[in-house]
Novice: 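Would you mind keeping the following structure in view while I ask a few things?
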Amino acid sequence: MGNIGAAITGVSGYVPDYVLTNRELEQMVETNDEWIRSRTGISERRILKGEGMGSAYLGTQAVKALLEKTGTRPEEVDGLICATITPEMFFPSTANLICDNLGIRGAFSFDLAAACSGFLYALETGSNFIRAGNQKKIIVVGADKMSSIVNYNDRNTCILFGDGAGAVLLEASEGENIIKDTIIRSDGVGKDLIYIKGGGSAYPPTHETIELGYHHFFQDGRSVFKYAVKSMADVAVEIMKRNNLSGEDIAYLVPHQANMRIIEATANRMAVNMDKVTVNIQKYGNTTAATIPLCLWEWEDKFKKGDNIILAAFGGGFTWGSIYLKWAY
Ligand code: UT7
């Protein structure tokens, strides 16, 4: 038996129906459509409405569609990993709740928190379970309800984010069209630049922490932007170099969708034309762990078997990384 690799054999996504437009945000904070589009590339984002509706709902919708389209029965799933920084609750894990909703019983399940790089971290983690030889089918989900942590009085951040989920099926394969190479990195230098201070064990929720807004997402956008532009491009170029890939060899770059200018700078450094870059930031904004699987889902019809695809992300922590894969179907 040859070396076992992990192949993506299916992909699905889910975004909620409610569309929050730039025009609506103009009524909420001092901003304007032109500023948002020119600085970020975002026109609208999706918001999950409804009491008690969280990331497990988003993830469940994506995984349900994935099981249906790949013809996978719940009992065939060996494990499910959910990348999220907006878990449904502290515990049980969102992954556990998604499994319960779909009748996936006895499979391992856990959440993984690596902010906007979460999907890449989870994809590599899932792939390693498969490479180890014991697991055959693993689902990797990215699900975030960013509207649950965004401060809709803060124009610096509320324009950026949306809610969504995407999921892939990973299967053992002895073929060539597998996840070929991964770089994932982190550096705590970002801890003061992008964070949620409260709600955890240091500052559990109290009236005071709520009044101070510790439960809200904070970002020093300008500083994060500088790190993001450099780190995401550096790591994508590094993975190309060590796999002897030129810009022309790459069928698609699938970047994290945080800012159109970061996406363009990364493509430029990689010498990849923008027509080979997946971009849906205009419709969904930044859905954190869901951006990359949502792009895979929307571009699935265009990908061809054997295509060289590069994923790249940067986010809170800081965390960042890149994955090189060959599309399997
Ligand atoms: O995915 C996780 C990682 N996160 C990222 O990668 C995000 C990285 N950062 C960014 O994408 C950008 O920094 C932002 C989109 C967040 C901001 O864009 P920017 O070009 O860096 O703007 P800025 O923060 O430097 O602000 C420029 C000006 C400021 O006014 P002054 O000080 O020049 O008078 C802001 O107060 O724009 C003002 N501003 C706004 N104006 C209208 C900030 N937010 C808004 C707004 N509408 N929503």
Side-chain angles (χ1 to χ4, degrees), residues 20-45 83-86 113-121 142-147 149-164 166 184-196 216-236 254-267 269 278-282 284-295 311-322:
L20 175 60
T21 62
N22 290 350
R23 294 282 176 219
E24 188 176 348
L25 283 165
E26 285 176 2
Q27 313 304 312
M28 296 158 68
V29 288
E30 199 181 324
T31 189
N32 60 78
D33 176 58
E34 202 283 322
W35 192 97
I36 301 173
R37 278 191 293 105
S38 62
R39 297 289 179 121
T40 71
I42 303 167
S43 296
E44 55 190 45
R45 57 300 279 142
T84 185
I85 54 160
T86 52
C116 296
S117 313
F119 186 76
L120 297 191
Y121 272 63
D144 270 302
K145 185 185 171 187
M146 294 304 289
S147 63
I149 55 172
V150 161
N151 176 0
Y152 284 98
N153 295 316
D154 175 14
R155 71 173 184 172
N156 292 294
T157 53
C158 75
I159 56 147
L160 299 171
F161 296 98
D163 303 337
I184 42 176
R185 301 225 160 95
S186 74
D187 187 335
V189 69
K191 70 181 186 303
D192 299 323
L193 300 173
I194 176 167
Y195 58 81
I196 297 176
H216 281 142
F217 175 94
F218 169 84
Q219 173 174 253
D220 174 347
R222 204 175 295 188
S223 302
V224 174
F225 185 90
K226 284 181 197 152
Y227 279 100
V229 163
K230 181 169 176 355
S231 305
M232 201 161 113
D234 279 355
V235 80
V254 182
H256 172 53
Q257 314 277 307
N259 188 310
M260 193 59 201
R261 290 179 288 149
I262 299 173
I263 294 171
E264 284 168 351
T266 303
R269 282 271 312 280
T278 66
V279 178
N280 57 17
I281 191 172
Q282 70 284 1
Y284 304 142
N286 183 348
T287 55
T288 301
T291 60
I292 289 177
L294 281 174
C295 281
L311 318 180
F314 180 89
F318 295 129
T319 57
W320 68 102
S322 186

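As the structure lists them, so they are numbered: ligands from 1, and atoms in each ligand from 1.
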Novice: Suppose we measure from atom 43 (C) of ligand 1 to each protein heavy atom; which comes out shortest, and what is that distance?
Specialist: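 So the nearest neighbour among protein heavy atoms is N156 OD1, 3.3 Å.
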Novice: Between I159 and L25, which heavy-atom pair has the shortest distance, and what is it?
Specialist: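 Smallest interatomic distance, heavy atoms only, reads CA-CD1, 3.9 Å.
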Novice: Hey, what do you get for CE (M260) to CD1 (I281), rounding to the nearest 0.5 Å?
Specialist: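 Reported to 0.5 Å precision, the distance equals 7.5 Å.
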Novice: Give me the nearest non-hydrogen protein atom to atom 33 (O) of ligand 1 as residue plus atom name, then the distance to 0.1 Å.
Specialist: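 Minimum-distance protein heavy atom for atom 33 (O) of ligand 1 reads R222 NH2, 4.4 Å.
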Novice: For ligand 1, which atoms, with element, lie under 4.0 Å from some heavy atom of T31?
Specialist: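 Counting from 1, the qualifying ligand atoms are 42 (C), 46 (C), 47 (N), 48 (N).
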Novice: Checking D144 against T84: is there a side-chain donor and acceptor pair closer than 3.5 Å?
Specialist: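 A donor-acceptor contact under 3.5 Å links the two side chains.
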Novice: May I ask you to list the atoms of ligand 1 that are less than 4.0 angstrom from any heavy atom of A258?
Specialist: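 Here the atoms of ligand 1 in question are 1 (O), 5 (C), 6 (O).
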Novice: Under a 4.0 Å threshold between the charged nitrogen and the carboxylate oxygen, would E264 count as salt-bridged to R261?
Specialist: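 No, R261 and E264 are not salt-bridged.
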Novice: Between G221, G190, S231, C158, which one has a non-hydrogen atom sitting closest to atom 13 (O) of ligand 1?
Specialist: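 That would be G221.
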Novice: For atom 17 (C) of ligand 1, state which one of F225, F318, W35 supplies the nearest heavy atom.
Specialist: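 The nearest heavy atom belongs to W35.
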Novice: Look at atom 48 (N) of ligand 1 and say whether a protein heavy atom is found at less than 4.0 angstrom from it.
Specialist: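 Flag for atom 48 (N) of ligand 1 set to true, protein heavy atom closer than 4.0 Å.
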Novice: Between ligand 1 and I36, can you find any atom pair, the residue atom being a heavy atom, that is separated by under 4.0 Å?
Specialist: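 Contact check I36 vs ligand 1: negative.
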Novice: I need the contact type for T288 against ligand 1. Using non-hydrogen atoms and a strict under-4.0 Å cut-off, is it side chain, backbone, both or neither?
Specialist: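 Within the 4.0 Å criterion, T288 makes no contact with ligand 1.
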Novice: Can you list the atoms of ligand 1 that are under 4.0 Å from a heavy atom of R39?
Specialist: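 Heavy-atom distances to R39 below 4.0 Å select 19 (P), 20 (O), 22 (O), 27 (C).
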Novice: Would you give the length of the straight line joining atom CZ of F161 to atom OG1 of T86, rounded to the nearest 0.5 angstrom?
Specialist: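 Atom-to-atom, F161:CZ and T86:OG1 are 11.0 Å apart.
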Novice: What atoms of ligand 1 come within less than 4.0 Å of a heavy atom belonging to R261?
Specialist: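 Near R261, meaning under 4.0 Å from one of its heavy atoms, ligand 1 has 18 (O), 19 (P), 20 (O).
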Novice: When rounded to the nearest 0.5 angstrom, what distance separates CE in M28 from CG in L20?
Specialist: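 One finds 5.5 Å between CE of M28 and CG of L20.
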Novice: For ligand 1 and N32, I'd like to know whether there is a polar contact (N/O to N/O, distance under 3.5 Å).
Specialist: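 N/O-N/O distance under 3.5 Å: no.
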Novice: Can you check which of R155, Q257, Q219, M146 brings a heavy atom nearest to atom 5 (C) of ligand 1?
Specialist: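 It is Q219 that holds the nearest heavy atom.
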Novice: Testing D163, T287, N22, T21 for side chain to side chain donor-acceptor pair (under 3.5 Å) with R45, which one passes?
Specialist: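 Testing R45 for a side chain to side chain donor-acceptor pair (under 3.5 Å) against D163, T287, N22, T21 leaves exactly one candidate, N22.
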Novice: Can you name the atoms of ligand 1, numbered from 1 with element, that are less than 4.0 Å from a heavy atom of H256?
Specialist: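 Near H256, the atoms of ligand 1 are 1 (O).
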Novice: If you look at every heavy atom in P255 and T278, which pair is closest and at what distance?
Specialist: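 Scanning both residues completely, I find the closest heavy atoms to be CD-O, 3.4 Å.
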Novice: Show which atoms of ligand 1 fall inside a sub-4.0 Å distance from at least one heavy-atom site of N259.
Specialist: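 Answer for ligand 1: 10 (C), 11 (O), 12 (C), 15 (C).
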Novice: Is there a side chain to side chain donor-acceptor pair (under 3.5 Å) between N32 and R37? Walk through the geometry before answering.
Specialist: CA-CA 9 Å; N32 60 78; R37 278 191 293 105; over 6 Å; no
Novice: Which heavy atom in T31 sits nearest to a heavy atom in E26, and how many Å separate them?
Specialist: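 Answer, listing the atom of T31 first, then E26: O-CG, 3.5 Å.
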Novice: Could you tell me, atom by atom, which parts of ligand 1 come under 4.0 Å of a heavy atom of C116?
Specialist: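 Contacts of ligand 1 toward C116, numbered from 1: 1 (O), 2 (C).
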Novice: Out of L25, I262, V29, T40, whose heavy atom sits nearest atom 15 (C) of ligand 1?
Specialist: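 Among L25, I262, V29, T40, the closest heavy atom to atom 15 (C) of ligand 1 comes from T40.
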Novice: With rounding to the nearest 0.5 Å, note down the distance linking CG in D234 to OG1 in T266.
Specialist: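 Going from the CG atom of D234 to the OG1 atom of T266 covers 9.5 Å.
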